[in-house]
Amino acid sequence: MTLQLTPVEILAAIGGLIVLVMVWRASARATRRATEAARASVRLVSLAGRVVVTAAAIVGVQWIVITHPGNTTLLLTVLGVPALFASYTLTRALTVTAADVPQHRKGRRR
């Protein structure tokens, strides 16, 4: 039993394979882009959560010391030290130290 294919059938099969590969590559690119976008948003939410928790801790300690007056040095320390931590945190949060640029594979055009 031999298989007889016409040139049109061979070209149709090759065309179908090319379309299949193109669809597969497009879906892989879309998945990669979605993953990178999700990572960026998670980083932002994580940073915002840490800032809110730190601010809540600072406000809590300051509230306790202010509502129980008596020691001026303690009051100034409780107001000053958290301000240093907050300024450090804000400086780190607002300073760009690295750019998230996707790595290119060898052989790809830039």
Side-chain angles (χ1 to χ4, degrees):
M1 180 171 159
T2 60
L3 183 62
Q4 300 281 333
L5 295 176
T6 66
V8 173
E9 292 173 336
I10 293 172
L11 287 176
I14 291 172
L17 288 174
I18 290 173
V19 168
L20 183 64
V21 168
M22 289 174 60
V23 168
W24 177 71
R25 287 189 61 179
S27 69
R29 285 186 196 131
T31 302
R32 188 178 314 117
R33 274 188 245 122
T35 302
E36 290 172 3
R39 284 182 186 150
S41 65
V42 166
R43 281 189 213 119
L44 180 62
V45 170
S46 175
L47 177 63
R50 285 182 278 166
V51 169
V52 168
V53 168
T54 303
I58 291 169
V59 168
V61 170
Q62 289 175 342
W63 180 79
I64 290 171
V65 170
I66 290 172
T67 56
H68 297 86
N71 190 346
T72 305
T73 305
L74 179 63
L75 178 64
L76 292 176
T77 302
V78 166
L79 293 176
V81 171
L84 291 174
F85 285 124
S87 65
Y88 175 76
T89 302
L90 285 174
T91 302
R92 295 267 322 224
L94 298 176
T95 302
V96 176
T97 57
D100 291 336
V101 179
Q103 298 288 329
H104 293 287
R105 292 184 186 172
K106 292 180 182 178
R108 281 192 179 177
R109 293 182 186 170
R110 291 185 179 186

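Cluster partners of Leu17: none. The rule joins Ile, Leu, Val, Met, Phe, Trp and Tyr whenever side-chain heavy atoms lie under 4.5 Å apart, and it links nothing here. Taking Ile, Leu, Val, Met, Phe, Trp and Tyr as hydrophobic and joining them when side-chain heavy atoms fall under 4.5 Å apart, one finds Leu74 in a cluster with Val61, Val65, Ile66, Leu75, Val78, Leu79.
Atom CE of Met22 is separated from atom CG of Leu20 by 11.0 Å, given to the nearest 0.5 angstrom.
Remark: the backbone N or O of Trp24 is paired with a side-chain donor or acceptor of Ser27 at under 3.5 angstrom.
Minimum heavy-atom separation, Gln4 to Glu9: O-OE1, 4.0 Å. Between Thr67 and Ile64 the shortest heavy-atom distance is OG1-O, 3.1 Å.
Under a hydrophobic clustering in which Ile, Leu, Val, Met, Phe, Trp and Tyr are joined whenever their side-chain heavy atoms come within less than 4.5 Å, directly or via other members, Ile18 and Leu5 fall into the same cluster. Put simply, Val53 and Leu90 are part of two different groups of oily side chains (I, L, V, M, F, W, Y) that touch within less than 4.5 Å, one to the next.
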